[in-house]
There are 2 protein chains.
Amino acid sequence: MSKADPLRTIPMFNSLTAKDRRKMAGEVVETRYGKGDYIFREGDPAEAFHILKEGSVKCVKSSPDGKEVTLKVLMPGDLFCCAASVFDGATHPGCAQPIGNVSVLRLSKKAYFDLLRRNPDAAFEVIKYLGNRLSEAQENAKVLALDRAEQRLASLLIKLSSRAGVREADGIRLTVRLTRQDLADMAGVAVETATRIMGQFKRARLVSGTAKRLVIHNLGRLEQLMLSASSSSK
Amino acid sequence: MSKADPLRTIPMFNSLTAKDRRKMAGEVVETRYGKGDYIFREGDPAEAFHILKEGSVKCVKSSPDGKEVTLKVLMPGDLFCCAASVFDGATHPGCAQPIGNVSVLRLSKKAYFDLLRRNPDAAFEVIKYLGNRLSEAQENAKVLALDRAEQRLASLLIKLSSRAGVREADGIRLTVRLTRQDLADMAGVAVETATRIMGQFKRARLVSGTAKRLVIHNLGRLEQLMLSASSSSK
DNA sequence: CTAAAAACATGACCTTGGTCATGTTTTGAA
DNA sequence: TTCAAAACATGACCAAGGTCATGTTTTTAG
């Protein structure tokens, strides 16, 4: 990995001049995490700005009784959910766990502030990014509030295929390793429900495989399913 | 209302100098809406930056089969959900409807961009605002994914009491008029479920009244309810 | 290669809360 | 004040999906 310019692949730094980017590069600390690690935990003070460089990370919130929701799976280039908590000196609203091996860039509060202050375009990028994440979160809320399990899973697979999918001979393969439990936590259903519905999908040749290699064969049909009314079409 | 400085009461403009603020004031258009109006609809192109000045507004998304979720109730000073869609030339991700009579400030795309470019602190405010809204949305997703109806309603009432409540002799009165249907749409449950649970709460002296005048008598107990585990406490 | 652990799968049962139906009360406009 | 419309309330029924139990397959570490 080019130690010289670790920011090269991060869209949010595109607007910087090469010079500014080199300067930033000096401030950035790269850290690697593996299975079982926490990048940070819910409630930890948010003291730095994080960007995902390599691998994937899940942002998780958990309830007192041990259940979990996965709010978001980050892909390389993503800012961490809490990009803004840093401002208020607030704590992290959820925890971040690597999926497999990952590499994270960390920028100090001060450097982050400086960057934004001196570079309006970077601030624009952050605003745009947060705005997109907000609509995403709202779309998600809609799904959680109105859709039933089958539709939730369908939406989820569609979203994943566009964010983490690569075309292959027999369909779209997800480049991130997600167990049925992970899918369940993202869709807000029980694991058993997730396996059952993935079973249906599998039987209908819409998908195949499990975490190791999950392929989506029929995106169109999934889209239909996602849109089909919940139950009694009044 | 002071036509001279309509921005006076808007926190996001606090960081501006009086001079800048006066200049902005010239660019801002104030519009009033009433019952039945739409401030904008889902899918409309987002061409201006909106701020709520007076009254309350609900941001709603609806599904093909007529069901609705209310993502957020805006109070005076709030930026509209889609503050960032403006950047991408995207469309509004949801619609905005007044609750009663409201007054909205509208700032052209150009003036908004100028403001942010020339005034890093204003950009910081927007980032901070969006960040808070994002955590809020994520907290909400957690509730929708993990909590059951009773807890959802309890959380909702707690949130409302802090955002739109005023202390009174017998408890905290909500300054925004919300029907059972509104509460249901916010909590992601059916109207009947909302009335039934509000009925329980009423019998337990936790709340009283309906939309016209909704009062929360026992916040503490509601907090307990909100935290109580979903079901089998393993 | 093997053993332990993790992930996947499936059946039986039961609770939550959605749906439908119907009736009452409140609100607001004429 | 009156009357229609909206909001509130409640009961009966039922299905989606959560929970629990158990077994199989896959993955991974040593």
Considering the terminal five base pairs at each end of the helix from dC1(C)-dG30(D) to dA30(C)-dT1(D), what angle separates the two local helix axes, rounded to 10°? 60°

Is there a side-chain contact (heavy atoms from CB on, under 4.5 Å) between L178(B) and K58(B) once you walk through the steps? CA-CA 10 Å; L178(B) 298 169; K58(B) 52 179 177 173; over 6 Å; no

In chain order, what residues pass the salt bridge (charged side-chain N to carboxylate O under 4.0 Å, His left out) check against D185(B), with sequence neighbours excluded? none

How about S135(A) and N132(A): does a side-chain donor come under 3.5 Å of a side-chain acceptor? no

Mind checking the CG-CD1 spacing from D182(B) to I99(B)? Nearest 0.5 Å is all I need. 5.5 Å

Counting only pairs under 3.5 Å, give me each side-chain donor-acceptor contact of residues 208-216 of chain A, with atom names and distances, residues two or more places apart or in other chains.
| from | atom 1 | to | atom 2 | distance (Å) |
| --- | --- | --- | --- | --- |
| S208(A) | OG | H217(A) | NE2 | 2.7 |
| R213(A) | NH1 | E168(A) | OE1 | 3.4 |
| R213(A) | NH2 | E168(A) | OE1 | 3.2 |

Rounded to whole Å, how long is the line connecting atom CG of L153(A) with atom P of dA16(D)? 16 Å

L146(A) CG to dG18(C) P, in whole Å, measures 11 Å

Give the rounded distance in Å between these two atoms: CD1 of I99(A) and P of dT27(D). 17 Å

If a pair satisfies salt bridge (charged side-chain N to carboxylate O under 4.0 Å, His left out) and one of its residues is in residues 70-82 of chain B, list it, with sequence neighbours excluded. K72(B)-E136(B), D78(B)-R163(B)

For atom CD of E150(B) and atom P of dG17(C), their distance in whole Å: 9 Å

Would you please indicate if the ring centroids of F40(A) and H50(A) are separated by under 6.0 Å? yes

Quick one: is dT28(D) close enough that its OP1 or OP2 comes under 4.0 Å of any side-chain N or O from R177(A)? yes

Euclidean distance, atom CG of residue L214(B) to atom C1' of dT26(C) [Å, nearest integer]: 15 Å

Let me check something: any side-chain donor-acceptor pairs from residues 193-201 of chain B under 3.5 Å, sequence neighbours excluded? List them with distances.
| from | atom 1 | to | atom 2 | distance (Å) |
| --- | --- | --- | --- | --- |
| T195(B) | OG1 | V191(B) | O | 3.4 |
| T195(B) | OG1 | E192(B) | O | 2.8 |
| Q200(B) | NE2 | E150(B) | OE2 | 3.0 |

With sugar-phosphate taken as primed atoms, P, OP1 and OP2 and all else as base, the protein-contact string of nucleotides 6-14 of chain C at under 4.0 Å (heavy atoms; B, S, -) is -SSSBBB--

